[in-house]
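Okay, so here's the structure we're looking at.
Everything quoted here is computed from the prediction, not taken from an experiment.
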Amino acid sequence: MILLAETGGIPGWLYGAAGGMVVGYLFLRWRENAKQEMFALQQKALLENTRREADNLLREARLAASEDSLKLREQTEKSFAGRQTEIAASEHRLAQRELLINQQLEGIVRQEKQAEEQQAALQKKEQAMEAERTELNLLNRQCKDQLQKAAHLTESEAKAQLLRAVEQAAVQDANDLTRHIMEAAKLKAEDQARRIITLAIQRYASQHTFETTTATIALQGDEIKGRIIGREGRNIRSFEAVTGVTVLIDDTPNAVVLSGFDPVRREIARESMQRLILDGRIHPTRIEEVVAKVTEEMDETIVKAGEDAVFKTGLPPMNGEIVKVLGRLRFRQSFSQNILDHSVEVAQLTGLMAAELGVDVLSAKRAGLLHDIGKALNHEMEGSHAIIGADFIRQHGEADDVVNGVASHHDEVPHTCLWGILVSAADAISASRPGARSETMTTYLRRLDNLEKIGLSFPGVEKCYAVQAGRELRIMVKPEEVSDDAAAAMARNITRKIEDELQYPGQIRVTVIREMRTVEYAK
């Protein structure tokens, strides 16, 4: 090689490089083999670890399954023991029931034996009674034969005479008893009638309630309805909140309805709505201003109405609170009759009757004027208007006799003086006089026709007339068919039929007239 190098052959460094490459390749092969062997060892170790973990998990699962099996077995044994205890208790109860049933059966057997013995004794008694009955029938027959021979009458004739006599006596006794009962009932009729009418008025509320709880406001056009409602209803909500009255806007042309049970609030709402419509400016602030102004004016109007009522009756000035509440009656109606005008009229009538009787006229008028003042308060308090009004005026210094006159005018409390009786009479006169309270012509004519039909439906009636605006029914009967006692009975029956079939205010008087005329001609 040295020779070749010297002579220009393959250089020596090339051989060195080739040798280095061989050595590097061998080193890389050894390193790669070492990595593979290391990876194989790691894989083997990983498999061993995984196998050990799987064995551990399997062992733990077996232990858990064994524990669950033991728990389930214990629970089953406990349940079985409890079930055995329940079965034993049930068997004990069944044994007790069986013993009780056996005792009851023994008692039933004893009762059956006693019943058989009693039945045998009853049969013996029945046989003895049958024998006695046969003997009594024989004696009775013998007595009848002897009576018929002595009286010269047959049994049927004697029965007929006896029945006629008994019937006449019974009719006479019944008429006497009926007359006595009617006379006693008339003494209590006024109290009972007033109680029934008061309850009926307090409970009745249909068309009357609608008429007196709403107010209708006429509009010039339907476009104003949108302004009353306002954007998203803010105007109508504000109006209802301030006045306490419900505003009803529907498809009715050119009309808005205000609904509320308080007549003063309803009147304030009506006046405020009219002013807002005339002004044209409708918004929450303006609504509050107008309602406040109208409320202030309404207070003055109420006081003025109360003072005018006191002045009309000729009474001295009263307590300011009483005058204010009295003025609120100006806005309350009863069957279209204004209650304040009605109170003034009752006061005048009470004063006239008091003057005729020679008693204190001013106290009588005072009780008459204040008798319905509770109607301005009864929507705020519980109880009848007479009791509420009496308590109210007592709190404001009215005399005890006036308080009793107000409280007792519907007989809800005993009368301690004359004023309650006078007020009750004047109240009935004012409410029932012709024209005091409205009634449709159709209803009026129908009631007259029904009254006459009821009168003509009874046998023996010749003519029938409804007089005094339907408050009296006069019936003329045929004297040859209806006796005096039968006429009294007919009046009661007609009255009862009217009460059952008709609805009417106040009371209806039924008069049955029986006239016997005997005409002879001298020739």
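- Under the 3.5 Å distance criterion, the side-chain polar atoms of R514 are matched with a main-chain donor or acceptor of V482.
- Looking at E307 and K304, no side-chain N of the basic residue comes within less than 4.0 Å of a carboxylate O on the acidic one, giving no salt bridge.
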Please tabulate, for side-chain N and O atoms in residues 311-322, each donor-acceptor pair with protein atoms closer than 3.5 Å (sequence neighbours left out).
unit_1	atom_1	unit_2	atom_2	d
T313	OG1	A309	O	3.2
T313	OG1	V310	O	2.9
N319	OD1	E321	N	2.8

Which atom pairs, donor and acceptor, lie under 3.5 Å between side-chain atoms of residues 285-295 and protein residues at least two apart or in another chain?
unit_1	atom_1	unit_2	atom_2	d
R286	NE	D279	OD2	3.0
R286	NH2	D279	OD2	3.1
T295	OG1	V291	O	2.6

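- Between K453 and D449, at least one side-chain N (NZ, or NE/NH1/NH2) sits under 4.0 Å from a carboxylate O, which counts as a salt bridge.
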What verdict does the salt bridge (Lys or Arg N to Asp or Glu O under 4.0 Å) test give for E499 and R496, after you've listed the backbone C-alpha separation in whole Å, the side-chain angles of each residue and the deciding distance to 0.1 Å?
CA-CA 5 Å; E499 292 174 350; R496 192 175 298 111; over 6 Å; no
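- Side chain of N404 to backbone of D400: no donor-acceptor contact under 3.5 angstrom is found.
- Legend: side-chain hydrogen bond (donor to acceptor under 3.5 Å, both in side chains) pairs involving residues 235-247, not counting sequence neighbours: none detected.
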Test side chain to side chain donor-acceptor pair (under 3.5 Å) on H385 and D372; report intermediate values, then the result.
CA-CA 7 Å; H385 71 276; D372 274 346; 3.1 Å; yes
Please walk me through it: do D391 and R394 pass salt bridge (Lys or Arg N to Asp or Glu O under 4.0 Å)?
CA-CA 5 Å; D391 292 339; R394 181 188 294 110; 2.9 Å; yes
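- Side-chain atoms of S424 and H409 include no donor-acceptor pair closer than 3.5 Å.
- Using a 4.0 Å cut-off between a side-chain N of Lys or Arg and a carboxylate O of Asp or Glu, D341 and R330 qualify as a salt bridge.
- Taking every heavy atom of both residues into account, S343 and L329 meet most closely at OG-CD1, 4.1 Å.
- With respect to the salt-bridge test (charged N to carboxylate O, under 4.0 angstrom), the residues E472 and R474 qualify.
- Scanning all heavy atoms of the two residues, the minimum distance from K365 to A347 falls at CG-O, 3.4 Å.
- Remark: the backbone N or O of V423 is not paired with any side-chain donor or acceptor of D427 at under 3.5 angstrom.
- No side-chain N or O of N450 forms a donor-acceptor pair with one of R447 less than 3.5 Å apart.
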